[in-house]
Amino acid sequence: MSLDVHPISAFEDNYIWSIHNQQYCVVVDPGDATPVIEYCKDEQLTLVAILITHHHSDHTGGIDTLLQSYPDIPVYGPQNPKIQQITQRLKDGDHIELPHLKHNLSVMEVPGHTLDHITYYGEGSLFCGDTLFSAGCGRLFEGTPLQMFQSLAKFTALPRETKVFCTHEYTLANIKFAKAVEPDNQALVEYENWAVQQRINNLPTLPSTIEKEQNINPFLRCDMNTVITSVSKHKEALLTSEETVFASLRHWKDNF
Ligand code: ZN
Ligand code: FE
């Protein structure tokens, strides 16, 4: 059974993903409570749980206000004690059953963007927070390039048709960089045309899929000659492994 998932827009470019049925919903990374409360009211849904991927405030800022309206719901999230509102602290390999939705998700620890970052995977869907974006990946605020590389490898080991629900609409900006890395990637050019049209129509470019990302996302293509050649032209670095290609690519993007 696949999940029913709906994007709730927040701030400039965040999506708070709602996993729902006709009656109940669970939200992932509610950085802001107001759009979630409006959505629940409009759709006549009862919020039954909150899932958190990492400690950044654009992912956690709405928890307190939501708990005022829904005082007893569980808040799932990382071990990090800094996120005080979490009631169910999760670690790699844990499974959770979403209350009232009859869905199960498994937990992966994916350090890189932050050290506490976790993701939720189940029923063909991946809620990856700020680890993977369409055509890009999260900045390394706390982790090392190697940690991020290994975290992304966990995603590419998932079935290719897995839907990828990222937290930010960064796709068009990421494509600009991806094209600088792989100007001749035809799949990327076609993807850009599609993504531009989506945004013109005020539609999300998400969810993506693992398969799509493997075709267009340079951060998942560090084993491709096109990416390796481009990175080595950009920067005199010793590219001895996929990880070092990834590290140089991430550094390039940080200064792009
Ligand atoms: Zn973040
Ligand atoms: Fe974020």
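Order of appearance sets the numbers: ligands from 1, and atoms from 1 within every ligand.
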Metal site angle (apex the Fe ion (ligand 2)), NE2 from H168 and OD2 from D130, 10 degrees:
110°
For the Zn ion (ligand 1): the N/O/S atom of H56 at shortest distance
ND1
For the Fe ion (ligand 2): the N/O/S atom of D58 at shortest distance
OD2
To the nearest 10°, what's the angle at the Zn ion (ligand 1) between atoms NE2 (H54) and NE2 (H113)?
100°
Pair K154 + D92: basic N to acidic O under 4.0 Å
yes
D130 atom (N/O/S) at minimal separation from the Zn ion (ligand 1):
OD2
Distance alone, cut at 3.5 Å: any donor-acceptor contact between the side chains of H168 and D13?
yes
Would you say NZ of K253 has more than 12 non-hydrogen atoms from neighbouring residues, nucleotides or ligands within 6.0 angstrom?
yes
Using the ring of each side chain (for Trp, its six-membered ring), is H56 parallel, tilted or perpendicular to H113, with breaks at 30° and 60°?
perpendicular
Quick one: report the N, O or S atom of H59 that is nearest to the Fe ion (ligand 2).
NE2
Qualifying residue for ring-ring contact (aromatic ring centres under 6.0 Å, His included) with F177, from F133, Y170, W252
W252
